[in-house]
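Counting convention: from 1, in listed order, for ligands and their atoms alike. Every value quoted in this text rests on a predicted model; they were computed, and no experiment measured them.
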Amino acid sequence: MGNHIHPTEFKISKADRRKRLNQNPKLIWFTGLSGSGKSTIANAVEARLFEKGHMTFSMDGDNIRTGLCKDLGFSDQDRVENIRRIGEVAKLMLDAGLVVISSFISPFKSERKLVAELVEEENFIEVFVDCPLEVCEQRDVKGLYKKARAGVIKSFTGIDSPYEKPENPAVHIYSDQEELQESVNKVIEFVLKKIAD
Ligand SMILES: Nc1ncnc2c1ncn2[C@@H]1O[C@H](COP(=O)(O)OS(=O)(=O)O)[C@@H](OP(=O)(O)O)[C@H]1O
Ligand SMILES: Nc1ncnc2c1ncn2[C@@H]1O[C@H](COP(=O)(O)OP(=O)(O)O)[C@@H](O)[C@H]1O
């Protein structure tokens with residue numbers, strides 16, 4: 001099927017959009033356990049970037065798993081497909097010139113690497129929200145750990161489904177030891193240079 005696809009050359013290029021929006025599009029990729037603080041930090045980071053005049057867009061389970069990926073569950077295979085689709089959407093948004101912020105557990109190294117390659121490594125900023133399982137479980141923001149321990153939810157990340165930690169993240173957050181503002185500042189300091197370059 002792919003053989004019969006003939007790409008159109010669009011008149012407006014990535015460079016045109018970059019110039020119009022006055023920013024370098026980047027993908028800020030938050031990864032970490034459920035309850036580690038991805039959404040909380042991502043939300044504050046987006047607000048700061050937007051305040052500074054950048055055009056941003058955030059993706060998380062709320063706007064992806066209820067729509068584009070609503071046919072997917074939490075088996076390894078479905079998580080891989082979830083991240084693959086998110087990577088493709090992020091790529092389109094980067095082409096549109098946006099600073100894209102994503103908050104998904106994204107537990108597998110290989111999938112995160114695939115996304116980085118898809119959007120080109122230089123555009124991929126991996127932010128590891130590191131938080132011990134015990135702390136996430138204690139927070140239990142959505143009551144899901146309790147359900148996972150009770151066996152009501154199967155294949156829960158950190159309980160009976162793996163999380164592979166990033167080895168060399170661009171930004172390493174320790175959300176059990178840092179104040180929210182400190183974590184946000186670390187991300188902002190790293191990304192602002194890249195976006196404004
Ligand atoms: N089995 C299982 N394992 C992990 N998480 C689960 C599960 N079932 C539901 N949830 C809720 O779904 C959110 C994670 O979805 P993601 O799309 O980020 O997951 S993944 O990247 O595809 O692994 C996750 O949200 P966050 O807490 O924001 O991380 C959970 O609220
Ligand atoms: N330094 C911190 N950074 C982020 N969240 C924190 C921090 N300290 C405590 N929290 C709390 O931890 C919880 C994290 O939840 P959430 O952001 O929904 O995580 P995730 O998106 O990874 O599932 C929130 O209730 C938040 O207030």
Side-chain angles (χ1 to χ4, degrees), residues 27-48 57-90 100-116 118-119 124-166 169 171-191:
L27 171 57
I28 309 173
W29 187 273
F30 288 85
T31 172
L33 293 173
S34 174
S36 59
K38 302 180 297 296
S39 320
T40 306
I41 300 168
N43 211 347
V45 164
E46 181 175 29
R48 288 268 284 278
F57 193 78
S58 281
M59 287 195 282
D60 68 2
D62 287 341
N63 60 8
I64 292 293
R65 275 193 173 272
T66 54
L68 178 68
C69 296
K70 71 175 173 195
D71 56 323
L72 302 176
F74 290 91
S75 65
D76 287 4
Q77 200 186 1
D78 279 8
R79 288 178 200 257
V80 168
E81 176 61 10
N82 185 42
I83 299 305
R84 186 193 71 78
R85 290 185 200 171
I86 291 160
E88 292 289 351
V89 173
V100 185
I101 299 164
S102 76
S103 310
F104 297 92
I105 298 177
S106 46
F108 305 127
K109 259 188 220 161
S110 53
E111 269 57 58
R112 296 192 299 260
K113 184 161 179 279
L114 222 76
V115 175
L118 184 69
V119 302
F124 183 82
I125 300 171
E126 189 173 53
V127 180
F128 177 27
V129 186
D130 198 350
C131 188
L133 176 67
E134 305 76 63
V135 177
C136 294
E137 202 167 347
Q138 213 165 26
R139 288 179 183 164
D140 210 3
V141 187
K142 300 171 184 164
L144 297 177
Y145 282 99
K146 201 170 168 211
K147 286 187 182 155
R149 287 290 183 199
V152 178
I153 302 178
K154 305 269 183 241
S155 308
F156 198 82
T157 307
I159 309 288
D160 53 353
S161 184
Y163 179 79
E164 300 169 0
K165 295 183 180 191
V171 185
H172 197 145
I173 302 293
Y174 300 88
S175 78
D176 62 322
Q177 296 164 36
E178 301 167 8
E179 289 297 329
L180 174 62
Q181 276 322 311
E182 190 184 347
S183 305
V184 174
N185 288 343
K186 273 164 78 171
V187 181
I188 290 287
E189 199 178 313
F190 188 88
V191 303

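- In terms of protein heavy atoms, atom 29 (O) of ligand 1 is closest to Lys38 NZ, 3.0 Å.
- Heavy-atom proximity to Leu33, at under 4.0 Å, picks out these atoms of ligand 2: 22 (O).
- Closest to atom 2 (C) of ligand 1 by heavy atom, among Phe104, Phe156, Phe30, is Phe156.
- The Ser34 neighbourhood of ligand 2 comprises atoms 23 (O), with distances under 4.0 Å to a heavy atom of that residue.
- A salt bridge does not link Asp160 to Arg149: none of the charged nitrogens lies less than 4.0 Å from a carboxylate oxygen.
- Of all protein heavy atoms, the one closest to atom 18 (O) of ligand 2 is Ser39 OG, 4.0 Å.
- Interatomic distance, CD1 of Ile105 versus OG of Ser36, reported as 8.0 Å (0.5 Å rounding).
- In terms of protein heavy-atom proximity, atom 2 (C) of ligand 2 is closest to Ser175 O, 3.6 Å.
- Taking the side chain as every heavy atom from C-beta outward, Arg79 and Ile83 never approach each other to under 4.5 Å.
- When each atom of ligand 2 is checked for a heavy atom of Ile41 under 4.0 Å away, the hits are 3 (N), 4 (C).
- Looking only at protein heavy atoms, the nearest one to atom 8 (N) of ligand 2 is Arg139 NH2, 3.5 Å.
- Residue-ligand proximity: Gly61 is placed with every non-hydrogen atom at 4.0 Å or more from ligand 1.
- Side-chain contact between Val80 and Phe108 is present, with heavy atoms from C-beta onward closer than 4.5 Å.
- Looking at atom 1 (N) of ligand 2, its nearest protein heavy atom turns out to be Glu178 O, 2.9 Å.
- In terms of heavy-atom proximity, Glu164 sits nearest to Lys109 at OE1-N, 2.8 Å.
- Closest to atom 21 (O) of ligand 1 among all protein heavy atoms lies Ser106 N, 2.8 Å.
- Judged by a 6.0 Å distance limit and a 45° cone about the ring axis, Arg112 is positioned over the six-membered ring of Tyr163.
- Protein heavy atom nearest atom 16 (P) of ligand 1, with residue, atom name and distance: Arg65 NE, 3.5 Å.
- Using a 4.5 Å heavy-atom cutoff, the side chains of Tyr174 and Lys186 are in contact.
- Here Ser34 has heavy atoms under 4.0 Å from ligand 1 in both its backbone and its side chain.
- Heavy atoms of Asp60 found under 4.0 angstrom from ligand 2: none, in either backbone or side chain.
- Geometrically, ligand 1 and Lys142 share a nitrogen or oxygen pair separated by less than 3.5 Å.
- Of the heavy atoms in Lys154, only backbone atoms (N, CA, C, O) come closer than 4.0 Å to ligand 1.
- Remark: minimum distance from atom 19 (O) of ligand 2 to any protein heavy atom is reached at Gly37 N, 3.1 Å.
- Within the 4.0 Å heavy-atom shell around ligand 2 one does not find Gly32.
- Protein heavy atom at the shortest distance from atom 3 (N) of ligand 1 is Arg79 NH2, 3.1 Å.
- Residues Arg65 and Lys70 are not in side-chain contact: their nearest non-hydrogen atoms beyond the backbone lie 4.5 Å or more apart.
- Taking the six-membered ring where tryptophan is involved, the planes of Phe156 and Tyr145 are perpendicular, since the angle between them exceeds 60° and thus also 30°.
- What sits closest to atom 13 (C) of ligand 2 on the protein, heavy atoms only, is Val141 CG2, 3.7 Å.
- At a 4.0 Å heavy-atom cut-off, ligand 1 does not touch Asp78 at all.
- With a 4.0 Å heavy-atom cut-off, ligand 1 is reached by the side chain of Asn82 but not by its N, CA, C or O.
- Counting only heavy atoms from C-beta outward, the side chains of Thr31 and Pro166 approach each other to under 4.5 Å.
- Heavy atoms from both the backbone and the side chain of Thr40 come within less than 4.0 Å of ligand 2.
- Taking only non-hydrogen atoms, the option from Ser36, Ala42, Ser155 nearest to atom 1 (N) of ligand 1 is Ser155.
- Looking at atom 23 (O) of ligand 2, its nearest protein heavy atom turns out to be Gly35 N, 2.7 Å.
- Proximity to Ile83 (heavy-atom distance under 4.0 Å) selects the following atoms of ligand 1: 21 (O).
- A 4.5 Å side-chain heavy-atom check between Pro132 and Asp176 finds at least one atom pair inside the cut-off.
- Ser161 does not count as a contact of ligand 1, since none of its heavy atoms falls under 4.0 Å from the ligand.
- In Leu144, the part holding a heavy atom less than 4.0 Å from any atom of ligand 1 is the side chain.
- The CZ atom of Phe30 sits 11.5 Å away from atom OG of Ser106, with the distance rounded to the nearest 0.5 Å.
- Although no hydrogens or angles enter the test, the distance criterion places a donor-acceptor pair under 3.5 Å between the side chain of Asn63 and the main chain of Ser58.
- Shortest non-hydrogen contact noted between Ile41 and Ser183 is CD1-CB, 4.0 Å.
- Contact annotation: the side chain of Ser175 approaches that of Arg139 to within less than 4.5 Å [non-hydrogen atoms, C-beta and beyond].
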| request: I would like to know whether Glu81 and Arg84 meet salt bridge (Lys or Arg N to Asp or Glu O under 4.0 Å); could you show each step before the answer? | output: CA-CA 5 Å; Glu81 176 61 10; Arg84 186 193 71 78; 2.9 Å; yes
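- Remark: Gln177 CD to Asp130 CG distance equals 8.5 Å, nearest 0.5 Å.
- The N/O atoms of Ile105, backbone and side chain alike, include one that comes under 3.5 Å of an N/O atom in ligand 1.
- In this structure, the side chains of Glu126 and Val171 stay at 4.5 Å or more apart for every pair of heavy atoms.
- In the vicinity of Pro107, heavy-atom distances shorter than 4.0 Å reach the ligand 1 atoms 21 (O), 23 (O).
- Using a 4.0 Å cut-off between heavy atoms, Phe74 contacts ligand 1 through its side chain alone, with no backbone atom that close.
- For ligand 1, the atoms sitting less than 4.0 Å from at least one non-hydrogen atom of Thr157 are 3 (N), 4 (C), numbered in the order shown with element in parentheses.
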